[in-house]
Amino acid sequence: MSNGTAPSISGLSSSVGETVTLKGWLYNRRDSGKIRFLVLRDGSGYLQCVVVKKEVPEDVWESSGLLTQETSFEVTGVVREAPRQEGGVELGVTGLTVLSVCHDWPITPKEHGVDFLMSQRHLWLRSARQVAILKVRSEVESAIHDFYHSRGYTKIDSPILTPAACEGTSNLFETQYTEDEKAYLSQSGQLYLEPACAALGKVYCFGPTFRAEKSKTRRHLREFWMVEPEVAFMEIDGLLDLAEEFIKELTTRVLDRRKDDLKRLERDTTKLEATATRPFTRMTYREAIENLAGKGFPVKFGDDLGGDEETALTEGFDTPVLVTRYPSSIKAFYMQPDPADPEVALCVDVLAPEGYGELIGGSQRIHDHDLLLARIRQQELPIEAFQWYLDVRKYGTFPHSGFGMGLERFTAWMCGVPHLRECIPYPRMLYRIYP
RNA sequence: UCCGCAGUAGCUCAAUCGGUAGAGCAUUCGGCUGUUAACCGAAGGGUUGUAGGUUCGAGUCCCUCCGGCGGGCCCA
């Protein structure tokens, strides 16, 4: 190739007629006596390489017979059109060198159980489905950065090691910081983002988040990646617009650039197209519990919404649903009460369609110093630990809002994958931290 | 921690009423010049998770422990 880098399968459609040399691994092989079809995998794509006995030297033919699944090899050949192939090209092989024969590859082209695949996660990553998911994930990450940078946000890296108890230590991972001081792994960057938005106006953080909860469901990981914007002077309505615009843009980007991966995942993209183009449904918590009552879910004011309720709420909608103004009693202490309805908080949960559940949770933050102090006392949180957080309200306070979105939940929804564990390279789950 | 499900060949599963543990994939060997999870033939591969019990006889019934899966709680 003219750019001086090694050629890759993904760029081959423009090289028809040229002779190229590629390196990769054998994904699959089909033999038919004097002709062999080798499927080469190089991370960028898949390429059928055709070896015909009469057309190659004896040693090339013999080498091609040694290839087992995942054997690494180098192949040279002429790129030619092959309409039936993915990518529209195949390789007429003229030379082949085995780099390392793979013995006893454990993952066959047939089905496998979850337990087995999870214990082989480092190898499972090589399968076509996992590659497609990880490409979508990476696209989403890149789209997140682009979304905020193009709007003048500054990325703030919030700390991963945090001092004592912010919202209670029961769901925090504890680690020894010094001989006589403990530290905890961060479960949210939000508290650190709030002072930063007073410095920079519009900020966001994006990093790993740790939750030591004993959740054992398809929607939970103990280590996951969360993106959190925080905006000075933004109030609840601006936050709702931001959340909607954000999800729309990420969805559009994935549909636009990861079409092939979604196809491989057999994702029905018509549902995502609605998200990209149509306005999202918005409803208050009070409206939501009425809606649920009509569907046979007796939820009374003050009850939180479980997974079944969330799924029922989004039924009939192709786009995410924004549920706002939950009772303050079931939400975090820092959420601003609604002046028009003081029992509820100015908050939002964004529920994805198709049963994917909560993508985003966010709120307008309490900006009044004394009200926040009262809430901290009411929840019996250690005031000393929150002095710096209260300082945001002490020195030139201002309304501000933000939300958090789980990268894996968003990716799972885009890919139509039922379980979060496939949406992060090395999932950390309850009772499973290998490999 | 609670509720539910299942531990049989390297992997995915089957085994009727309690009566000689089988198949596909993978591996090895053989066949096939356009295959698409290719196909056809053959071979090797088993302490049925673990400890105990019932029985003439247990993969199957009872029970101990272990690890797994799904859900609840919690949240993104």
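Fair warning: this is a prediction, and the values are worked out from it, not measured in the lab. Convention: sequence-line order gives letters A, B, ...; per-chain numbering from 1.
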Phe403(A) and Phe246(A) aromatic ring geometry - parallel, tilted or perpendicular at 30°/60° bounds: tilted

Aromatic centroids of Phe116(A) and Trp124(A) separated by under 6.0 Å: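 That pair fails the under 6.0 Å test.
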
Distance-minimising heavy-atom pair for Ile289(A) and Arg286(A): CG1-O, 3.3 Å

Side chain Glu90(A) and base rG34(B) donor-acceptor under 3.5 Å: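 Yes, a donor-acceptor pair under 3.5 Å.
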
Per-pair stack call Phe37(A) and rA38(B), 5.5 Å, 30°: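 Stack criterion not met.
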
Look at all strands and tell whether [X] reaches a base, only sugar-phosphate, or nothing, counting heavy atoms closer than 4.0 Å.
X         : value
His103(A) : nothing
Phe116(A) : sugar-phosphate
Arg80(A)  : base

Pair Arg267(A) + Glu354(A): basic N to acidic O under 4.0 Å: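 Salt bridge: yes.
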
Salt-bridge contact Glu249(A)-Arg151(A) (side-chain N to carboxylate O under 4.0 Å): yes

Under 4.0 Å from OP1 or OP2 of [N]: is there any side-chain N or O of [X] that close?
X         : N       : result
Arg218(A) : rC75(B) : no
Arg30(A)  : rU35(B) : no
His112(A) : rC25(B) : no

Near-strand residues of residues 68-76 of chain A, defined as heavy-atom separation under 4.0 angstrom from RNA chain B: none

d(CG, Asp31(A); C1', rU28(B)) in whole Å: 14 Å

Step-by-step side chain to side chain contact (heavy atoms under 4.5 Å, CB included) determination, Glu141(A) to Phe206(A): CA-CA 9 Å; Glu141(A) 289 186 284; Phe206(A) 188 11; 3.9 Å; yes

Nucleotide forming a Watson-Crick or wobble pair with rG4(B), both distances under 3.5 Å: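 Here rG4(B) is engaged in a pair, and the nucleotide opposite it is rC69(B).
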
